[in-house]
Amino acid sequence: MAVYDIARGTRDFLPQDMVVRNHVEYIIRNTFESYGFQQIQTPIFERFELLAARSGEEIRESMFTFVSDREEYALRPELTAPVCRVIASGKLSKLPVPYKLYYIGQCFRYCRPQAGRYREFTQAGLELMGSKDPIADAEVIAIAVKTLKNLGIDQYKVKIGNIGIFRGILEKEYSDDYDKQSRVINNIDHIMSVWEKCDAIKSHASFNQEDFDFIKVETESLYRIQEDIGYSGEHEILPVSDLGGGKAGNNDQQLKEKATDRLNMLSLAIESTYRALWSKENIVSEKVAALLIDIARMRGKYEEIIPKAEKLLSGTPTLDALEQLSQVSRFLLSFGVADFDIVLGVARGLDFYTDTVFEIDSPLLGAQKQICGGGRYDKLVEEFGGISIPATGFAFGFDRIIETFIKTGKAVDLAPVSVFVANVDDSCKFRAVEVADSLRSSNFRASVDLLGLSLRDQLGYASKIGAEFAVIVGPDELKEDKCKLRQLETRFEEIVPLSALVDKIKDIRKSGK
């Protein structure tokens, strides 16, 4: 008989996994709804042109596509575009703005599976549409932070920027070429990503296979760019063959030193390569390129960075974007969010962002540390044929949130039932069913013996599944409408009237005895 394995890049979630996932989803859902957001659900697949319209290049190239009825479709790689389609269709036109919508759903991308990166994954996010006020940006960031706090996740880093600063500078040279602006911004996003990843890997006590793979992929990518443009600067690089591919477990000191040298080289080469590319293709002048990089390097606390940025950007058409960023920061303080950094190089990897952008990382996840990202996209609904409506939002990588939550060590009750109702003999089975049903009516998770086990084996089974209590129904106790209530961990047992069983269990839980 054939044995079928799971598809690459997907996972089965067993009952104990789903207890944790449902617990986390419950907290996320309740947090979103506490701010007045309502759930929306869209199809798992959409027309390809919708999903490709304003996604980043990486997403466009990684979609699962298929043809049906002579139309090309794709499994959704993210959920903002489908929500924008709903708004553009006018289906919510009778509702007052702002629209406050949230979603929790599966997404799909064709990628090389690795830790924290799967072909099927879940996004949990929200979209706030209809307000251009900086308070809206601050609220969605505050909701993301509040969600983490409600989950008991206290190790995270919030980074906030404004992509309008880059667009303001680039529009001066390319006022009508939005795609060319986006290309440069995506390049800057890549530069920032490589800088941060190199710094993170260098801090590792030892390098793993994923670290070596990153070095190899990024080196080969830059090598190809340099070869295409005829690069001959001081940071010219060669292929990564001398690292030997970084076999797992092969982490001797000499190899680590070579890898560290390569990381240092990447940090320098990534900037000089893109600046050479911009110059070669006459995308931006050297002066503008230098300014863009200087902006990308700026990071720190609000009180420190805003004055420095004002000085650096004096005389450029970016002060409105900088003022927006300042207002968002001040509103965040009003929302009770004080622990955040201004990082002007945060650019995200999608073409549709227009102003405020932000990311949240967790050091608990190592290299794959980003758990949330979002920002403002005021033109997207209009580009999908809808009304002109400002919008902002974010999405959690739900699977990374799960991983982060698990690493906090927070306890979740994995037991399928809290009370197991055991019977002494066959004469008590019918009454055991009735007792279990009455417990369920009082919101207890309860179960009975389905295998005809002895009383001893029933109690052993109840312990194995993690039940907190066992209710023992026997003929002698039933004559007086009573039962035995046993706390399985302590084995403390007492006779309890059936009419008082629910209250007795609640009292024990309340007292902690």
Side-chain angles (χ1 to χ4, degrees), residues 24 27-28 30-37 98 100 102 124-126 128 131-165 192 196 199-200 295-313 318-348 353 355-365 369-376 392-397 400-401 404-405 407-408 410:
V24 171
I27 291 174
I28 291 174
N30 279 0
T31 306
F32 289 178
E33 291 179 358
S34 73
Y35 286 81
F37 283 76
K100 303 179 79 171
Y102 81 87
L126 51 82
L128 195 163
S131 172
K132 63 180 180 180
D133 196 299
I135 193 174
D137 301 277
E139 178 168 287
V140 300
I141 298 171
I143 294 171
V145 171
K146 183 68 171 180
T147 302
L148 296 177
K149 289 183 176 179
N150 287 347
L151 286 166
I153 297 172
D154 55 12
Q155 293 190 50
Y156 59 85
K157 195 72 173 177
V158 183
K159 301 179 294 184
I160 305 171
N162 191 306
I163 208 169
I165 294 173
M192 287 287 295
E196 290 196 359
D199 288 342
I295 293 169
R297 291 184 185 278
M298 296 193 71
R299 60 171 58 209
K301 295 302 178 184
Y302 158 70
E303 302 84 355
E304 169 195 358
I305 293 301
I306 294 298
K308 287 184 178 180
E310 288 175 346
K311 185 176 180 180
L312 176 66
L313 298 172
T318 63
L319 294 183
D320 285 347
L322 191 60
E323 175 58 21
Q324 283 182 338
L325 181 58
S326 179
Q327 289 190 44
V328 170
S329 300
R330 294 200 298 272
F331 275 122
L332 277 174
L333 297 175
S334 297
F335 275 108
V337 179
D339 189 13
F340 63 90
D341 284 344
I342 300 296
V343 182
L344 296 188
V346 172
R348 309 287 295 138
Y353 289 116
D355 291 293
T356 302
V357 285
F358 76 98
E359 294 176 350
I360 303 179
D361 298 336
S362 174
L364 293 173
L365 296 186
K369 60 183 178 178
Q370 187 176 318
I371 56 177
C372 180
R376 178 164 288 278
T392 183
F394 72 81
F396 282 120
R400 291 187 183 177
I401 290 288
T404 309
F405 176 79
K407 287 181 180 293
T408 66
K410 304 296 180 184

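Hydrogens, waters and symmetry mates are skipped; everything else that's a heavy atom, side chains included, is used.
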Any side-chain to backbone donor/acceptor pair from Lys100 onto Tyr35? Under 3.5 Å, distance only.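 Pair found, side chain donor or acceptor close to backbone of Tyr35.
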
Flag side-chain contact, heavy atom, 4.5 Å: [X] against [Y]:
{"X": "Val346", "Y": "Ile160", "answer": "no"}
{"X": "Ile141", "Y": "Phe331", "answer": "no"}
{"X": "Glu139", "Y": "Ile143", "answer": "yes"}
{"X": "Glu196", "Y": "Lys159", "answer": "yes"}
{"X": "Leu325", "Y": "Leu344", "answer": "yes"}
{"X": "Leu322", "Y": "Asn162", "answer": "no"}
{"X": "Phe340", "Y": "Leu333", "answer": "yes"}
{"X": "Gln324", "Y": "Asp133", "answer": "no"}

Output the distance between atom [atom1] ([X]) and atom [atom2] ([Y]), rounded to the nearest 0.5 Å.
{"X": "Ile305", "Y": "Arg299", "atom1": "CD1", "atom2": "CZ", "answer": "9.5 Å"}
{"X": "Ile27", "Y": "Leu151", "atom1": "CD1", "atom2": "CG", "answer": "4.5 Å"}
{"X": "Leu148", "Y": "Ser362", "atom1": "CG", "atom2": "OG", "answer": "8.0 Å"}
{"X": "Tyr156", "Y": "Ile401", "atom1": "OH", "atom2": "CD1", "answer": "11.5 Å"}
{"X": "Glu359", "Y": "Asp341", "atom1": "CD", "atom2": "CG", "answer": "12.5 Å"}
{"X": "Glu310", "Y": "Glu323", "atom1": "CD", "atom2": "CD", "answer": "8.0 Å"}

Qualifying residue, where the test is side chain to side chain donor-acceptor pair (under 3.5 Å) with Arg376 and the options are Asp355, Asp137, Thr356: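 Of Asp355, Asp137, Thr356, side chain to side chain donor-acceptor pair (under 3.5 Å) with Arg376 is met by Asp137 alone.
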
Asp154 vs Lys149, salt bridge (charged side-chain N to carboxylate O under 4.0 Å, His left out): CA-CA, chis, key distance, verdict: CA-CA 6 Å; Asp154 55 12; Lys149 289 183 176 179; over 6 Å; no

At their closest point, which heavy atom of Gly393 faces which heavy atom of Phe358, and how far apart are they?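 For Gly393 versus Phe358, the nearest heavy atoms are O-CE2, 4.1 Å.
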
Considering all heavy atoms of both residues, which atom of Ile342 and which atom of Ser329 are nearest to each other, and what is their separation?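 Shortest heavy-atom separation between Ile342 and Ser329 comes out as CD1-OG, 3.4 Å.
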
Between Ser334 and Arg330, does the side chain to side chain donor-acceptor pair (under 3.5 Å) criterion hold? Intermediate values first, please. CA-CA 7 Å; Ser334 297; Arg330 294 200 298 272; over 6 Å; no

Partner of Tyr102 under ring pair (Phe, Tyr, Trp, His ring centres under 6.0 Å), chosen from Phe32, Phe37, Phe394: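 In the set Phe32, Phe37, Phe394, the residue that makes a ring pair (Phe, Tyr, Trp, His ring centres under 6.0 Å) with Tyr102 is Phe32.
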
